[in-house]
Amino acid sequence: MAFIHLDIRCLYTLLICTAFGSVPSNAEIKVNPPENFEIVDPGYLGYLSLQWQPPLFLDNFKGCTIEYELKYRNIDSEHWKTVITKNLHYKDGFDLNKGVEAKIHTLLPAQCTNGSEVRSSWSETAYWTSPEGNLETKIQDMDCVYYNWQNLLCSWKSGMGVHFDTNYQLFYWYEGLGRTTQCADYIKINGKNMGCKFPYLESSDYKDFYICVNGSSESHPIRPNYFIFQLQNIVKPLPPEYLSLTVKNSEEINLKWSIPKGPIPAKCFIYEIEFTEDDSTWVTTTVENEIQVTRTSNESQKLCFLVRSKVNMYCSDDGIWSEWSDEQCWKGDIWKEILIFFLIPFAFVSLFVLVITCLLLYKQRALLKTIFHTKKEVFSHQETFC
Ligand SMILES: *[C@@H]1O[C@H](CO)[C@@H](O)[C@H](O)[C@H]1NC(C)=O
Ligand SMILES: *[C@@H]1O[C@H](CO)[C@@H](O)[C@H](O)[C@H]1NC(C)=O
Ligand SMILES: *[C@@H]1O[C@H](CO)[C@@H](O)[C@H](O)[C@H]1NC(C)=O
């Protein structure tokens with residue numbers, strides 16, 4: 001095979017040499033860059049389409065599959081993303097707070113040039129949304145939490161120095177949602193939109209979620225603020241419930257809790273446990289919903305723990321810890337406890353009551369005696385009188 005291939009190549013070289021009277025070299029093979037390279041914004045708040053047309057004068061390379069090497073990035077970002085494609089378009093998400101720049105060249109694979117790969121020069125383009133309004137008028141401190149992988153809630157603060165008549169609007173989009181949609185349920189503070197409660201978002205995780213919060217004011221324009229994130233990375237689960245602490249023998253303790261209710265699969269949780277033995281506390285994590293711990297001293301009287309949950313690294317890149325659960329405790333010797341906190345005080349009180357009663361009784365007896373004595377005297381007087 002190699003021989004035949006070599007033969008054909010020699011034959012062609014010979015043919016070309018005779019035709020042009022010179023030795024061909026790959027340096028002479030040239031290809032043009034793609035035509036009409038542009039970045040198109042379909043209004044999806046950051047999901048842009050990079051598109052182009054084939055280069056001119058491709059006739060020399062008939063039967064060759066032409067490829068394109070595309071590089072793009074947000075202006076200011078350190079790295080270019082690189083894509084090699086045979087298509088005439090490519091789509092990806094960008095941060096529209098910044099500009100976008102891209103460049104592309106044509107690639108002629110080695111089999112088209114009888115030598116090494118040939119590239120065209122770069123064709124470049126850039127895109128940015130018209131920056132209306134002052135940078136300070138943007139909303140600040142955007143905070144979005146996807147509660148229990150179910151309810152998305154975002155809140156923000158006003159831009160700095162904006163006029164009191166300013167109000168904000170939130171728009172969102174993700175692949176699968178027909179069109180860019182405005183928030184339908186705003187959280188209002190003093191009549192201003194300061195947050196949004198999203199409706200149920202069907203198949204919206206593991207893909208880019210785009211948000212734009214812009215605004216309007218009679219007195220000056222408001223700079224829009226753009227956000228991109230993936231919903232599975234901002235999940236805040238419910239805290240675990242039904243904690244149980246079982247002391248199996250003098251050393252082993254079993255801690256157990258229930259998996260938080262809701263749509264999050266059991267395998268997606270990581271738990272953090274805070275365990276307290278008398279006065280010392282330590283923290284550990286596990287992906288199971290129970291754990292065995294060793295008691296450091298079989299004399300310890302108070303064992304307590306609490307748990308919180310988060311989505312683990314197998315299901316997301318990031319997450320938010322839930323609130324802590326209620327604390328569950330085990331108290332050493334229950335009889336000792338009852339003795340100290342109930343029986344002893346009870347005994348004291350009883351004794352006290354007894355002593356008081358005796359004293360009272362004694363006093364009463366003394367009193368009775370005196371009365372009786374006086375009566376007797378009176379009686380004896382009467383007798384004498386009769
Ligand atoms: C390369 O080879 C192809 C056929 O394999 C031939 O058509 C073409 O003219 C050659 N080009 C050069 C520059 O040698
Ligand atoms: C805010 O953004 C949405 C979506 O891009 C757009 O339709 C709307 O006109 C913008 N509003 C203002 C006041 O710029
Ligand atoms: C504590 O453990 C040690 C050794 O395991 C044992 O000898 C001792 O009796 C235990 N004390 C109590 C109060 O259980």
Side-chain angles (χ1 to χ4, degrees), residues 38-51 72-77 81 89-102 125-146 151-231 233-234:
E38 58 179 346
I39 298 174
V40 177
D41 184 355
Y44 293 146
L45 316 176
Y47 186 66
L48 303 180
S49 175
L50 310 163
Q51 49 198 56
Y72 58 89
R73 65 175 182 183
N74 265 118
I75 291 171
D76 293 348
S77 96
K81 278 195 192 171
H89 58 85
Y90 191 80
K91 291 175 180 164
D92 203 356
F94 294 89
D95 176 2
L96 289 190
N97 295 305
K98 300 171 190 162
V100 174
E101 57 184 336
T125 188
Y127 174 78
W128 51 87
T129 53
S130 50
E132 58 199 49
N134 217 312
L135 198 60
E136 264 132 48
T137 59
K138 272 185 181 197
I139 59 141
Q140 305 175 17
D141 300 341
M142 179 71 149
D143 182 31
C144 293
V145 179
Y146 199 28
N151 303 309
L152 177 62
L153 211 137
C154 289
S155 60
W156 58 82
K157 294 205 180 93
S158 285
M160 295 215 283
V162 295
H163 204 256
F164 70 88
D165 73 342
T166 305
N167 206 353
Y168 298 100
Q169 291 176 319
L170 180 147
F171 294 84
Y172 64 98
W173 183 81
Y174 58 91
E175 219 175 332
L177 194 66
R179 57 193 175 81
T180 304
T181 308
Q182 190 181 167
C183 175
D185 188 6
Y186 283 110
I187 300 164
K188 287 178 185 282
I189 297 174
N190 299 330
K192 280 192 206 312
N193 301 335
M194 301 304 288
C196 178
K197 285 183 206 147
F198 289 76
Y200 172 65
L201 301 163
E202 202 182 342
S203 37
S204 52
D205 40 20
Y206 299 108
K207 52 176 83 162
D208 288 336
F209 194 91
Y210 300 85
I211 288 182
C212 168
V213 181
N214 57 17
S216 51
S217 160
E218 291 284 308
S219 36
H220 53 77
I222 302 295
R223 175 77 64 97
N225 206 344
Y226 295 88
F227 306 89
I228 311 178
F229 46 80
Q230 297 211 345
L231 291 182
N233 293 336
I234 54 162

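Whatever order the structure lists them in is the order used to number ligands and atoms, beginning at 1.
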Quiz item: Is Pro224 in contact with ligand 2, taking contact as a heavy-atom separation below 4.0 Å?
Solution: no
Quiz prompt | Heavy-atom side-chain contact between His163 and His220 under 4.5 Å | solution = yes
Quiz item: Within less than 4.0 angstrom of ligand 2, does Ile222 place any heavy atom?
Solution: no
Practice problem: Would you mind running through ligand 2 and noting each atom that sits below 4.0 Å from a heavy atom of Gly215? | Solution: 13 (C)
Exercise. Could you tell me which non-hydrogen atom of Val162 sits nearest to which non-hydrogen atom of Ser158, and how far apart they are?
Key: CG2-CB, 4.4 Å
Exercise. Can you run down the salt bridge (Lys or Arg N to Asp or Glu O under 4.0 Å) pairs that involve residues 153-178, sequence neighbours left out, and say none if there aren't any?
Key: Asp141-Lys157
Quiz item: So do Cys196 and Cys154 have their SG atoms closer than 2.5 Å?
Solution: no
Quiz item: Any protein heavy atom under 4.0 Å from atom 9 (O) of ligand 2?
Solution: no
Exercise. Would you mind running through ligand 2 and noting each atom that sits below 4.0 Å from a heavy atom of Leu45?
Key: 5 (O)
Exercise. Ignoring angles and geometry beyond distance, decide whether Thr180 reaches within less than 3.5 Å of ligand 2 through its nitrogen or oxygen atoms.
Key: no
Exercise. Establish, yes or no, whether a centroid distance under 6.0 Å links the rings of Tyr72 and Phe94.
Key: yes
Quiz item: Quick one: nearest non-hydrogen protein atom to atom 12 (C) of ligand 2, plus distance?
Solution: Asn214 ND2, 3.4 Å
Quiz item: Considering residues at least two apart in sequence or located in another chain, which fulfil the side chain to side chain contact (heavy atoms under 4.5 Å, CB included) criterion with Leu177?
Solution: Tyr172, Trp173, Tyr174, Thr181
